[in-house]
Amino acid sequence: MSHDLFSTPEHALFRDTVRKFVEEELRPRAREFDAMGRFDKALYRKMGDLGMLGLRYDPAYGGAGLDWSYTAVMYEELGRADNAGVTMGISVHTDMATPSLAEFGSEALKQQYLVPSIAGECVSAIAVTEPDAGSDVSAIQTRAVRQGDEWVINGSKIYITNAATADWLCLLAVTDPSAGYGGFSQIIVPTDVPGFRYELLDKIGNLGSDTGQLFFDDVRVPVSNTIGEIGRGFQQQMKQFQDERLVACVSTVAGSAQLWEETRRWAEQRRLFGKPLSKMQNTQFKMVELWTQITAARELVRACVAQRVAGTDATQLITMAKLFCGRVSRQVADECIQLHGGYGYMRESVAGRAFVDSRLVSIGGGSDETMMHYLAKMLGF
Ligand SMILES: Cc1cc2nc3c(=O)[nH]c(=O)nc-3n(C[C@H](O)[C@H](O)[C@H](O)COP(=O)(O)OP(=O)(O)OC[C@H]3O[C@@H](n4cnc5c(N)ncnc54)[C@H](O)[C@@H]3O)c2cc1C
């Protein structure tokens, strides 16, 4: 059953490239990445060579200059890589840490960080969440104090994806505590600077990504490392979150559809009470209900991508999609693990892994409650 979002001949050509990469480089090593607790950094070079790391970015910096529909194609395919952690790590680099740099960064910053990021020569991370501030981004306390031409940074970030892999961070810091929402800045911090260190965290799922706590102890970077205007960091980060959320929706829906297919195959083979599990009405009802949910989620994502391609403000629809896709993926994983019976509870089972991995979608990149908080405001409550 086809569940591809876009299928023009151009999309199909690009889809084949990504699918080949997934089949050859990612799926065979999916469990190895879990055991490593991170992705193989060398593969970023390969993705760079295939043109996968700067799809929407300006060709002047090595990007492909394509519209959002190609990003959707790529993350549909990566969503089928059998490793949600790896997909998340890659998406942090392509669509969560680099969009602000591409849109607001100075020419010098783009040459220094965007060009090698698109080539796969370096990897990025997005550092927003702190031990005492997650959903409430405006409560972050990591401080960047200006001393001459340098920022001196102190503070800590937590649950940061690519913590060990990243060569540079897109850091959100407070640069003027008296300026409210105008007191934050996005600053590029290379991870080899004195005063920076990380500690890895032990997660229950998304094992193929390295997640850690970051520490900044009198870290010094040039003020020219500021992305865009000083004091516009909060607004730029809110914009950057839109790409982050939509990418998460695309790969999540693709992953749910794949799990559904796997579960169908399982139900057709598994026999009990003298017939295949798939012939029981309960199984059929559950499966059609889940497919309806997956289809609805996919159509919502398609509408979001269409708005992004058209250049209209997709914030409200993306916020709804993030809420809806997270819930659908949890429901699909829960029902599919049930249909797998005891095998579903085994670590090697796709359903078992999806059950743990999908739980993150309703937390990371803004939780369900955060989405509802924003939606309530947007809808005038
Ligand atoms: C595996 C993983 C990877 C991550 N990667 C990154 C990363 O790369 N970069 C990064 O910056 N962050 C990252 N995060 C952090 C993630 O974005 C935060 O965990 C998330 O935003 C929630 O923040 P919090 O953990 O502080 O929870 P809190 O904000 O403390 O939330 C606690 C509870 O309050 C609820 N809540 C929130 N708002 C409201 C409201 N208005 N009303 C009622 N209840 C509410 C929440 O939904 C939650 O249930 C990652 C997290 C995980 C687990």
Side-chain angles (χ1 to χ4, degrees), residues 33-34 37-39 83-100 123-142 155-174 184 186-189 191 198-216 227 233-234 236-245 247-249 251-252 319 322-323 326-327 329-330 353-354 356-379 381:
F33 298 139
D34 280 356
R38 69 181 72 174
F39 183 45
N83 195 313
V86 165
T87 303
M88 177 169 70
I90 298 169
S91 65
V92 161
H93 178 62
T94 60
D95 288 273
M96 305 185 190
T98 46
S100 280
V123 177
S124 55
I126 174 71
V128 175
T129 308
E130 298 188 356
D132 294 319
S135 307
D136 184 2
V137 174
S138 66
I140 63 163
Q141 285 172 8
T142 294
S156 177
K157 298 285 176 180
I158 200 164
Y159 313 133
I160 305 305
T161 306
N162 293 345
T165 308
D167 299 289
W168 62 271
L169 314 168
C170 174
L171 173 83
L172 187 68
V174 178
F184 301 85
Q186 284 182 313
I187 302 169
I188 290 188
V189 179
T191 54
Y198 66 83
E199 282 173 14
L200 286 175
L201 298 165
D202 190 14
K203 305 193 295 296
I204 59 169
N206 279 267
L207 299 177
S209 62
D210 45 318
T211 306
Q213 182 164 4
L214 315 182
F215 302 90
F216 305 84
I227 298 174
F234 189 86
Q236 290 174 192
Q237 183 53 46
M238 288 299 131
K239 194 161 188 223
Q240 188 164 246
F241 275 141
Q242 302 311 313
D243 286 328
E244 164 165 354
R245 289 173 187 152
V247 159
C249 290
S251 59
T252 296
T319 310
K322 174 71 171 51
L323 173 65
R327 291 185 165 186
S329 75
R330 285 159 60 187
R353 285 201 306 281
V356 186
D357 291 345
S358 67
R359 197 61 190 80
L360 179 62
V361 188
S362 290
I363 298 172
S367 67
D368 284 4
E369 289 72 18
T370 305
M371 295 307 105
M372 290 190 280
H373 171 75
Y374 290 143
L375 284 168
K377 280 190 183 171
M378 288 179 217
L379 296 176
F381 286 97

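Not measured: the values here are computed from a predicted model. Ligands are counted one by one from 1 in listed order, and the atoms in each one are counted from 1 as well.
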Atom 15 (C) of ligand 1: the protein heavy-atom neighbour that sits closest, reported with distance to 0.1 Å:
T129 OG1, 3.2 Å
Please state which part of M372 comes within less than 4.0 Å of ligand 1, counting heavy atoms only: side chain, backbone, both or neither.
neither
For atom 8 (O) of ligand 1, the protein heavy atom that lies nearest, with its residue and separation:
T161 N, 3.0 Å
Residue, atom and distance of the protein heavy atom nearest atom 41 (N) of ligand 1 read H373 ND1, 3.4 Å
Quick note on ligand 1: atoms under 4.0 Å from a heavy atom of L360 include exactly 1 (C), 2 (C), 52 (C), 53 (C)
Kindly assign one of parallel, tilted or perpendicular to the pair F33 and F39, based on the angle between their ring planes and the thresholds 30° and 60°.
perpendicular
Identify, with sequence neighbours excluded, every residue that meets salt bridge (charged side-chain N to carboxylate O under 4.0 Å, His left out) alongside K239.
E103
Minimum heavy-atom separation for K157 and A127, please, with both atom names.
CE-O, 3.5 Å
Heavy-atom side-chain proximity of T211 to I160 below 4.5 angstrom
no
Residue and atom name of the nearest protein heavy atom (relative to atom 45 (C) of ligand 1), distance in Å to one decimal
E369 CB, 3.5 Å
Are any of the protein's heavy atoms under 4.0 angstrom from atom 30 (O) of ligand 1, yes or no?
no
N or O contact, D368 vs ligand 1, cut-off under 3.5 Å:
no
Proximal atoms of ligand 1 relative to V128 (non-hydrogen, under 4.0 Å)
11 (O)
What protein heavy atom lies closest to atom 28 (P) of ligand 1? Include the residue and the distance to one decimal.
S135 OG, 3.6 Å
With a 4.0 Å cut-off on heavy atoms, does N206 reach ligand 1?
no
Would you say the side chains of Q237 and S100 form a donor-acceptor pair under 3.5 Å?
no
For S124 and T98, which heavy atoms make the closest approach, and how far apart are they?
OG-CG2, 3.8 Å
Starting from atom 25 (O) of ligand 1, which protein heavy atom do you reach first, and at what distance in Å?
Y159 CE1, 3.8 Å
When you check the side-chain N and O atoms of D210 and T165, is any donor under 3.5 Å from an acceptor?
yes
Testing D357, N206, D34 one by one against N83 for a side-chain contact (heavy atoms from CB on, under 4.5 Å), which residue passes?
D34
Non-hydrogen atoms of G365 versus ligand 1: any pair closer than 4.0 Å?
yes
Output the list of atoms in ligand 1 that are nearer than 4.0 Å to some heavy atom of K203, sorted by atom number.
1 (C)
Return yes if a side-chain donor-acceptor contact under 3.5 Å exists between Q236 and Q186, otherwise no.
yes
Using a strict cut-off of 4.0 Å, indicate which atoms of ligand 1 neighbour a heavy atom of I126.
7 (C), 8 (O), 9 (N), 10 (C), 11 (O)
I363 side, atom CD1; Y159 side, atom OH - distance, nearest 0.5 Å:
9.5 Å
Out of all atoms in ligand 1, which are within 4.0 Å of some heavy atom of I160? Include the element for each.
7 (C), 8 (O), 9 (N), 10 (C), 11 (O)
As an exercise, identify every atom of ligand 1 less than 4.0 angstrom from a heavy atom of T370.
37 (C), 38 (N)
Among all protein heavy atoms, pick the one closest to atom 20 (C) of ligand 1 and tell me residue, atom and distance.
I363 O, 3.4 Å
Starting from atom 26 (O) of ligand 1, which protein heavy atom do you reach first, and at what distance in Å?
G134 CA, 3.1 Å
Donor-acceptor side-chain pairing of T94 and S91 below 3.5 angstrom
no
Taking atom 4 (C) of ligand 1 as the reference point, report whether a protein heavy atom occurs under 4.0 Å from it.
yes
Quick one: do the E130 and T142 side chains pair a donor with an acceptor below 3.5 Å?
yes
Mark whether atom 33 (C) of ligand 1 lies under 4.0 angstrom from at least one protein heavy atom.
no
Hey, is R330 close enough to D368 for a salt bridge, meaning N to O under 4.0 Å?
yes
